[in-house]
Amino acid sequence: ALISTGSGAGDVILDATGDITLGGVSAGTGAVALISGAAIVDGGDTYTDVIGGQLWMSANDSIATSGNALEIAADKLAAVAAAMYLNESDAVTVDTVAVSVARDGSLEGTFAGATTVDGDDLVTISNGTDDPNIVLISATGAITLNDGTDADDVAVDAALAGNILVQSGVASGPVYQDVSVNSSIQSGSGHITLTARGSLSQTASGDIITEGDINLRALNGSITQSDGTLVSSIDGNIQLRASTGVTLGGLRATNGTVRVTTTSGSVVDGGDSDVDIESVSARLSAGTGVGTLGSSGNALETNLETLAVSAGSGGIHILETDGLTIGSVAISVEEVQSDGTTNTDSPSALSDLTTASNGSIVVKTAGTGDLVLNKGSDSDALAISANGAGAVRLEVSAGNLDINSDIVSGTGHITLLASTNVDLGSGVDVSTSTAGDISIEATSGTLVMDGTATVTATDSGLRLLANGNIV
């Protein structure tokens, strides 16, 4: 059955103590409210389940099911339920929704007035039965997530271990639809996945917080986080994948790993309100650069234990809070699917710091701690490899530089500087050639070379300096 107000702006309210099973509700540009004491259910596919300028839904149980989502066409959306699975036909904004229906008092036994309902955000509240997932998918339009008039700074909130999927533009076509996060997304311990067919952006109020995994993806665009944006997981991993560049606010995986990758463009610092990446380990890759170099360079600020990076002509620029190990980093991330379940993404491990296209490498530790260079899980013996004329500068502000695997540049300069000791381990080779000079300095300690270690500056200069002994 179809309930319709025509193409105008008439509002519709359906209020039931039990289930609401939908054939089709069409309010044109008007507003629709569905209020159920049980579940809101898709009753068939003859009509779009709900069409309206605004849509507010409230259910004590689920809105649709994991195997049969509710088809909607609404400009503005808000809902609260035990779970929700929503397929939007075009663009939609999560925001405050208000619906008002007048009552005619001219008939015997009736009274004049209006029924008004309103709501904000997408929220699940556990009923002890349904998995409190939130799934919002648009076929051909962008998705915008705003804070409503409740001013709680939250746009999407899944209870307990509820998973969240927000995905724009799943239908094929020449237009790439964006996801814009202007207010927070949060889950207790569920996994959160945001996928934009175009670009994904987060304002400073658009934090993403859970104890599970966080997966952000811009299939044909960039990921841009404003200064002050925080993406945080206590026990999960965080993954960002973009096509044309990533600008970081703050990524915090307290007990996990961070992966950031962009096919073209760079991974850059979006501001200094937060450390760019705080996690146990991180793996970063970019078609151009990770951080920026040069006279106006801006390092990515990190607080890590282990790091691996791959970049192109823009090179690598890292400023670490304390000690750091260069090595191999693997990650496994749960991606939320359209039915609220997850699939596991486990890309191959990334090792070392490497560049292509003459990219340089600069790593500095700002606080107390050692910089340790280890061989990764790949087949080479390298820890640091700068392609062509790419230079290498490693600087330890308050600690030792322990080199357990090779440092190589094609023809670029290599500068290794530690406030205390520099130690070249067994079989280590530090090498460049032609125009590239090598300088190794232990400012207040000793420079120790294993008997099998070599330092080679072919047809160029070599400088070794220690405040103590050179052994």
Side-chain angles (χ1 to χ4, degrees), residues 288-297 299 308-319 324 326 351-365 370-376 378-397 399-471:
T288 303
V290 173
T292 55
L293 293 165
S295 58
S296 58
V309 184
S310 172
S313 60
I316 298 168
H317 194 184
I318 301 294
L319 179 62
L324 180 65
I326 306 302
S351 299
D352 316 326
L353 304 185
T354 63
T355 63
S357 305
N358 302 302
S360 295
I361 299 172
V362 176
V363 178
K364 180 179 180 179
T365 61
D370 298 336
L371 178 57
V372 180
L373 310 183
N374 289 336
K375 178 185 179 301
D378 53 10
S379 58
D380 61 39
L382 299 172
I384 308 287
S385 177
N387 174 264
V392 176
R393 180 180 177 87
L394 308 179
E395 182 177 352
V396 184
S397 296
N400 302 319
L401 176 57
D402 295 330
I403 305 170
N404 301 316
S405 195
D406 296 351
I407 301 173
V408 176
S409 173
T411 59
H413 302 300
I414 297 177
T415 300
L416 310 178
L417 176 64
S419 65
T420 312
N421 302 319
V422 177
D423 187 351
L424 279 70
S426 174
V428 166
D429 180 31
V430 179
S431 64
T432 187
S433 63
T434 315
D437 297 331
I438 297 178
S439 175
I440 305 177
E441 180 175 345
T443 305
S444 62
T446 61
L447 195 164
V448 178
M449 291 181 61
D450 183 86
T452 60
T454 59
V455 178
T456 306
T458 303
D459 298 326
S460 53
L462 174 62
R463 172 179 176 267
L464 305 180
L465 178 64
N467 185 58
N469 299 322
I470 298 178
V471 182

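Of all non-hydrogen atoms in Ala435 and Ser460, the two that sit nearest each other are C-CB, 4.3 Å. Smallest separation of non-hydrogen atoms from Gly289 and Ala311: CA-CB, 4.2 Å.
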Handout entry: Worked verdict on Asp423 versus Asn400 for side chain to side chain contact (heavy atoms under 4.5 Å, CB included)
Key = CA-CA 8 Å; Asp423 187 351; Asn400 302 319; over 6 Å; no
Expected list for residues 379-387: side-chain donor-acceptor pairs under 3.5 angstrom, two or more places apart:
{"from": "Asp380", "atom 1": "OD1", "to": "Leu382", "atom 2": "N", "distance (Å)": "3.1"}
{"from": "Asn387", "atom 1": "OD1", "to": "Ser357", "atom 2": "N", "distance (Å)": "3.1"}
{"from": "Asn387", "atom 1": "OD1", "to": "Asn358", "atom 2": "N", "distance (Å)": "3.0"}

Pair up each side-chain donor or acceptor in residues 408-418 with any protein partner under 3.5 Å, not counting sequence neighbours, and list the distances.
{"from": "Ser409", "atom 1": "OG", "to": "Gly390", "atom 2": "O", "distance (Å)": "2.6"}
{"from": "Ser409", "atom 1": "OG", "to": "Gly412", "atom 2": "N", "distance (Å)": "2.9"}
{"from": "His413", "atom 1": "ND1", "to": "Asp437", "atom 2": "N", "distance (Å)": "2.9"}

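Checked against side-chain hydrogen bond (donor to acceptor under 3.5 Å, both in side chains), Thr456 has no partners two or more places apart in sequence or in another chain. Taking the side chain to side chain contact (heavy atoms under 4.5 Å, CB included) definition, one finds that Ala299 meets it with His317, Leu319, sequence neighbours left out. Listed by chain and residue number, Ser426, Thr452, Ala453 satisfy the side chain to side chain contact (heavy atoms under 4.5 Å, CB included) test with Asp450 (two or more places apart in sequence, or in another chain). With sequence neighbours left out, the side-chain hydrogen bond (donor to acceptor under 3.5 Å, both in side chains) criterion links Ser444 to no other residue. Under the side chain to side chain contact (heavy atoms under 4.5 Å, CB included) criterion, Val372 pairs with Thr325, Asp370, Asn374, Asp402, Asn404, sequence neighbours left out.
Remark: side-chain polar atoms of Thr446 are not paired, donor with acceptor, to backbone N or O of Asn421 under 3.5 angstrom. With hydrogens and angles ignored, the 3.5 Å screen pairs a side-chain donor or acceptor of Ser419 with a backbone N or O of Gly399.
Atoms CD1 and CG, from Ile403 and Leu373 in turn, are 5.5 Å apart once rounded to the nearest 0.5 Å. To the nearest 0.5 angstrom, Asp352 atom CG is 9.5 Å from Ser310 atom OG. Rounding to the nearest 0.5 Å places CG of Leu293 at 12.0 Å from CZ of Arg393. Here Leu424 contributes atom CG and Ile407 contributes atom CD1; the two are 7.0 Å apart, rounded to the nearest 0.5 Å. Considering CG of Leu353 and CD1 of Ile326, their distance stands at 4.0 Å, rounded to 0.5 Å. Note that the OG atom of Ser405 and the CG atom of Asp429 stand 10.0 Å from one another [nearest 0.5 Å].
For the side-chain contact (heavy atoms from CB on, under 4.5 Å) with Ile361, the qualifying choice from Ile316, Val290, Thr354, Val309 is Ile316, the only one to do so.
Residues Leu394 and Val396 have side chains not in contact (no heavy-atom distance under 4.5 Å, counting atoms from C-beta outward).
The stretch residues 453-471 participates, sequence neighbours left out, in these salt bridge (Lys or Arg N to Asp or Glu O under 4.0 Å) pairs: Glu441-Arg463.
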